[in-house]
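Here the structure is laid out as structure tokens; the discussion comes afterwards.
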Amino acid sequence: MQHARIFAALFAAASAAFAQPAAGPWGAVPHERQVAWQKLEYYGFVHFGLNTWTDREWGYGNEDPKLFNPSDFDARAIAKICKDAGMKGLILTAKHHDGFCLWPTKTTEHNITKSPWKNGKGDLIADFAAACKAEGIKLGIYVSPWDRNTPHYAKEKYVEMFHEQIREVLTNYGPVFEIWFDGANGGDGWYGGAKEKRTIPPDYYRFGEVVEMVRKLQPECVVWGAGDARWGGSESGHVGYPHWHTMDSKRGGSSENGFPHGDTWMPAEGDTSIRQGWFWHAREDNAVKSPEKLFQIWLDCVGRGANLILNLPPNRAGRLHANDISSLNGFRAMRDALLAEDFAKGARTSGPAAPQHPASALTDGDDESYWTVPEGTAEPVAEIALAKPARFDAIRLGEQIRLGQRVDSFAMDAWIGGAWKEIQSGKTIGYQVILSLSAPVETDRVRLRITKSTGTPCISRFSLLKKPVALSSPVVSRDTEGKIVIQSKSTEPLHYTTDGAEPSAGAPVYSGPLALPDGGTVKVRHFSGKQAGPVTSRDFGMPKTGWKIIAVTTGNAAAAIDDNPTTFWHTHSDGEKNPPQGFAVDLGRSVNITGFTYLPRQDGTAHGMTDKYRFELSRDGQKWVPVAEGEFSNIKANPVEQTIPLKKPVSARYFRFTGLHAVEKNHVSAAEIGVITGN
Ligand code: FUL
């Protein structure tokens, strides 16, 4: 916890460029380690391990270490992709919940020395440490507190083991910029063969001691989830706005938004994967987030003052897929375009100012210098005169966070047609805020008004930016008649395929909705002459037109097969109806089924969200054969569509879904259930 009390000590350590503030110390301030971390803004996440081979998101703990055998692993190639994407580091899942350690730990046998890879001489942390060093980016490490492998989990012995694992990873591999302690504790696991549910008492992991150890071993290392930085509140990368870096020791605060002027500096990190899951799954090769989507996530995270950690999962070769790399680079181009020119840089400024902190600090390109005003100045205003008129549609502001986060609201005016016109207002600023204007503005004079600030405002950055023209990746969706529709902002011809091949200039041109009666993969791209645009791919299950509910335990199951993700089936209309709950569907014809999908409710609550399921198939709607039963790992934190591949295709006309357990409350819900067909 960092309080104003220790401000004096911190202040002494701050850089020379950073002069005495006009206003006295106020509120919570960051530690230098948090300031340095905040400036990293964007880095990679690498989920790699036995789940990459078992096709799971959470291993149970009984997986065979022999599975881990990447055929072409190259840490340097991954680090380079991160570097080229503009990332400042990467964090490796050195141990995920399955307990398998990707380094030769002395704490458990369940580690990489038992894998055939490099004849048991492999060490992924060492490889990534060397690769990051060579590429000039930083290394971070994820060590899961929850361990579904060890028999000692939930007992004292495991706490010692866990602490020792942290000691190993922070001792043997050079500097670690961040250590990541996930909050998941699902309960059940293998636990050395006990196969039971284990619960842990509060403060079981003794994070106080962990933080102390981290401080001793690596004082610069940021402890995520336990001491220095908080979760951004969802696994979609977005954080909330207004956005506070502070939480409060007594009154709490939300992960998404923080707590206004809280007493503890605890900045947020938004996390998300470039795909739906955190680990690599072949079926998601065509579900990579588009450059535009990544850019929007970055705006909603880094553009609100949080750091962004973006997951890039290596496949079984130990490589990143071409689709991930291409999206990442497309996103980088958009971000570079946004930041390419700051129309306010070097602009003349005027306005009230405290000695040594003139308004010119806003536009001098130095993020440490800042503009501040004599204490007590009501609604400070700084005017910025550009050398020539500029057209812009986004603004970026930043506070000198070493002095805390002070601003509650601000507004910006532009001189248009001989008068000041308000073009934007906002709430928090913090380390950084990037806001899009509702329409582009052209002017050579703007002014910034700080309309409310708890503590004299200290503003270090002010930029006027132009947003990139979207790459206009086409959007592929299904209409209510079950046909595939492709939309695009561009008028260039759209070439598509439905057989999984990359569309070439010779591929058919889209001219209207496509029937895809068995589902499949649609790939589409623009061609401007011979110049090919980015490929958009989307997998579709069987269309649901013609499906009928033939039985349901309770509730309106039609809502789960209406292809509308906003409606959902639930068994809670007149009191909780405990799981198991389910329904059966007639597909209208017999098809070769290779898998199912389950989309959890998308309304932001986890009530009734199923994490244990069963699927059965039938040829006649009478006699049922179970074909899949299992767990939807991590569905609560990451409520995305789940895919359930069958071991082998089964021909059937009817399916039955049963929710066996829910993550919250005692009923079952589902937004959509889908069927994947194939051979
Ligand atoms: C979650 C974990 O349970 C996921 O598997 C993943 O590691 C993600 C980053 O954090 O809560």
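By convention here, the first residue in the shown sequence is residue 1. Values below: all heavy atoms of this structure, side chains included; hydrogens, waters and symmetry mates excluded. In listed order, ligands and their atoms are each counted from 1. The structure displayed is predicted, hence computed values, not measured ones.
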Ring centroid separation Phe181 to Phe207 under 6.0 Å | yes
Contact residues of ligand 1 (heavy atom under 4.0 Å), by chain and number | Phe45, His47, Trp58, His96, His97, Tyr142, Trp180, Asp182, Ala184, Glu235, Asp271, Trp278, Asn634
Is Glu576 reaching over with its side chain to a backbone N or O of Asn666, donor-acceptor style, under 3.5 angstrom?
-> yes
Set of side-chain hydrogen bond (donor to acceptor under 3.5 Å, both in side chains) partners for Asp271, sequence neighbours left out = Trp231
Who passes ring-ring contact (aromatic ring centres under 6.0 Å, His included) against His667, sequence neighbours left out?
-> His572
Geometric class of the Trp117/Phe68 ring pair [parallel <30°, tilted 30-60°, perpendicular >60°] = perpendicular
Does Ile81 have any side chain to side chain contact (heavy atoms under 4.5 Å, CB included) partners at least two apart in sequence or in another chain, and if so, which?
-> Leu320, Ile325, Leu328
